[in-house]
Participant: 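Take this structure first; my questions come after.
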Amino acid sequence: MCGRFAVTTDPALLAQKIEAIDESAAGAPSDAANYNVAPTTTISSVVKRHAEPEDDSTRRIRSMRWGLIPPWVKTAEGGGPDTKGPLLINARADKVTTSPAFRSSAKSKRCLIPMDGWYEWKPNPDAGKKAGKTPFYMYGADGEPLFMAGLWTTWRPQGAPRDAPPLLSCTIITTDAAGPLADIHDRMPLSISAPDWDRWLDPDAPIDEGLLRGHGDLDRIAIREVSRLVNSVRNNGPELIEPAEPEASLF
C-alpha cells in the first residue's frame, strides 16, 4: 500500500521539467515541500487533457485531494462530500477496471502522482508483540522524482451549477511488491517510467493493462531505514527521510 509519502518539487518547476501546463491552484498546500504527505492532503497530479475537443491532449499539473471521491458520493450537511466511508487512497492494480469506485476513472481519467519517495513500516516479530514497526523510506536513488500510476475524478455537490469548479480527487494504484521491496511490505505503488507516461495518461485510449502488470521504475528505487519521527503526521521536515542511526542493513 502507500499511506504516506514525501514530495518536495514545486508544481511550477515540475511543469517545466516534464513539459506540462501548470494548472495547480496558486498557494495550494501542494506548492510547499511536504515530507509527510497524509491522506486528504492536497497534492499535485499529472493529467493529460484537451483544451478543445479537436486539439491534441497536453500534460497538465493539477491540485487534487488525495483520497478519491466518486461522483456518486452524497453531499454532506455542510455542502462537502460525505466521506464517512473508507478513504480511497489506494486502488489495487488488479481491480481498477472492475471496481465500481474506480472503473469509470480507469477508462479516461488516469494520472501520475509525483513523489520523492514513500514510507512503509516493517513489523519486528522477533522483538515481541509490543515492539513498534520500523519505518523505511523507498525513494529514487538517482535523486529524480518517481511517478506513480493513479486515477482521478471530479465531484460536485448536489444541485451545484454544471459550470461550478468541481472537487478533484485521486488515488494511487498499488501492485504486488517486487525485489527487496517485498521484504518491507507486500504491496507497493505502481511506478510508471518516463517512456510510458503519455501511454498511461492518454484520455483517448483504453487503459494499457500491460502497464498495470509492470513495475516501471523498480530498478531506480532504493531503500533505507528512517527515524520513527515519521510515525506522527505532526512531524514534517527533511529529517524524516534521513537514514536512521545506526543505519540497518536489509540483507
Participant: Is there a donor-acceptor pair closer than 3.5 Å between any side-chain N or O of N36 and the backbone N or O of N235?
Facilitator: yes
Participant: Against K48, only a single residue in D204, D202, D198 fulfils salt bridge (charged side-chain N to carboxylate O under 4.0 Å, His left out); can you say which?
Facilitator: D198
Participant: Does I113 share a hydrophobic cluster with L87, counting links as ILVMFWY side-chain heavy atoms below 4.5 Å and allowing steps through other members?
Facilitator: yes
Participant: Could you tell me which non-hydrogen atom of R49 sits nearest to which non-hydrogen atom of R60, and how far apart they are?
Facilitator: O-NE, 3.4 Å
Participant: Looking at R92, is its backbone amide N or carbonyl O close enough to the side chain of N90 to form a donor-acceptor pair, meaning the two atoms are under 3.5 Å apart?
Facilitator: no
Participant: Looking at R59 and E23, is there a salt bridge between them, counting it only when a charged N and a carboxylate O are closer than 4.0 Å?
Facilitator: no
Participant: Do W118 and V37 make a side-chain contact, defined as non-hydrogen atoms from C-beta onward lying under 4.5 Å apart?
Facilitator: no
Participant: Any pair with a residue in residues 99-109 that passes side-chain hydrogen bond (donor to acceptor under 3.5 Å, both in side chains), sequence neighbours left out, goes on the list, sorted by first then second residue, please.
Facilitator: none
Participant: Taking the side chain as every heavy atom from C-beta outward, state whether H50 and T58 have any pair of such atoms under 4.5 Å apart.
Facilitator: no
Participant: Are R224 and F136 in a cation-pi contact, defined as NZ or CZ under 6.0 Å from the six-membered ring centre and within 45° of the axis?
Facilitator: no
Participant: Classify the angle between the aromatic ring planes of Y137 and Y139 as parallel (below 30°), tilted (30 to 60°) or perpendicular (above 60°).
Facilitator: parallel
Participant: Would you say the side chain of P53 lies within less than 4.5 Å of the side chain of D55, judging by non-hydrogen atoms?
Facilitator: no
Participant: Is it the case that the side chain of D82 and the backbone of T75 share a donor-acceptor pair, with hydrogens and angles ignored and the cut-off at 3.5 Å?
Facilitator: no
Participant: How close do P203 and S57 get, counting heavy atoms only, and between which atoms?
Facilitator: CD-OG, 3.8 Å
Participant: Salt bridge check: are D142 and R220 linked by an N-O gap of less than 4.0 Å?
Facilitator: yes
Participant: How long is the gap from CG on D94 to OG1 on T174, to the nearest 0.5 Å?
Facilitator: 8.0 Å
Participant: Quick check for you: to the nearest 0.5 Å, what is the distance between S24 atom OG and R62 atom CZ?
Facilitator: 11.0 Å
Participant: Name the one of T83, I43, T41 that satisfies side chain to side chain contact (heavy atoms under 4.5 Å, CB included) with R65?
Facilitator: T83
Participant: Could you give me the CA-CA distance, side-chain angles and deciding distance for N124 and T134, then say whether side chain to side chain donor-acceptor pair (under 3.5 Å) is met?
Facilitator: CA-CA 7 Å; N124 296 293; T134 301; 2.9 Å; yes
Participant: Working to the nearest 0.5 angstrom, can you tell me the gap between I172 CD1 and W66 CH2?
Facilitator: 4.5 Å
Participant: Using side-chain heavy atoms (C-beta onward) and a distance below 4.5 Å, is Y119 in contact with I241?
Facilitator: yes
Participant: In terms of hydrophobic clusters joined by side-chain contacts under 4.5 Å, are V226 and L229 together?
Facilitator: yes
Participant: Find the distance between SG (C111) and CH2 (W152) and round it off to the nearest 0.5 Å.
Facilitator: 8.5 Å
Participant: Hey, could you give me the CE/CD1 distance between M138 and I223, rounded to the nearest 0.5 Å?
Facilitator: 6.5 Å
Participant: Got a salt bridge between D176 and R187, using NZ or NE/NH1/NH2 to carboxylate O under 4.0 Å?
Facilitator: yes
Participant: Can you find a pair of side-chain heavy atoms, one from M188 and one from I221, that are under 4.5 Å apart?
Facilitator: yes
Participant: Using every non-hydrogen atom in the two residues, find where A178 and H215 come nearest and quote the distance to one decimal.
Facilitator: CB-NE2, 3.7 Å
Participant: Does the side chain of N231 reach to within under 4.5 Å of the side chain of W121, using non-hydrogen atoms?
Facilitator: yes
Participant: Taking ILVMFWY side chains as joined if any heavy atoms are under 4.5 angstrom apart, and letting links pass through other members, which residues group with L68?
Facilitator: L14, I18, V46, I61, L88, V96, F102, L112, F147, L151, I173, L190, I192, W197, W200, L201, I207, L211, L212
Participant: Go through S169 and M64 one step at a time and tell me if the side-chain contact (heavy atoms from CB on, under 4.5 Å) criterion holds.
Facilitator: CA-CA 5 Å; S169 61; M64 299 187 184; 5.6 Å; no
Participant: First locate atom CG of L146, then atom CE of M115, and finally report the distance between them rounded to the nearest 0.5 Å.
Facilitator: 7.5 Å
Participant: Just wondering, do N34 and T8 contact through their side chains at under 4.5 Å, heavy atoms?
Facilitator: no
Participant: Minimum heavy-atom separation for P135 and S227, please, with both atom names.
Facilitator: CG-O, 3.5 Å
Participant: Considering all heavy atoms of both residues, which atom of T153 and which atom of I69 are nearest to each other, and what is their separation?
Facilitator: CG2-O, 3.1 Å
Participant: Below 4.5 Å, heavy atoms only, C-beta onward: do P166 and R156 meet side chain to side chain?
Facilitator: yes
Participant: Ignoring hydrogens, what is the shortest heavy-atom contact between S63 and T42? Give both atom names and the distance.
Facilitator: CB-CG2, 3.8 Å
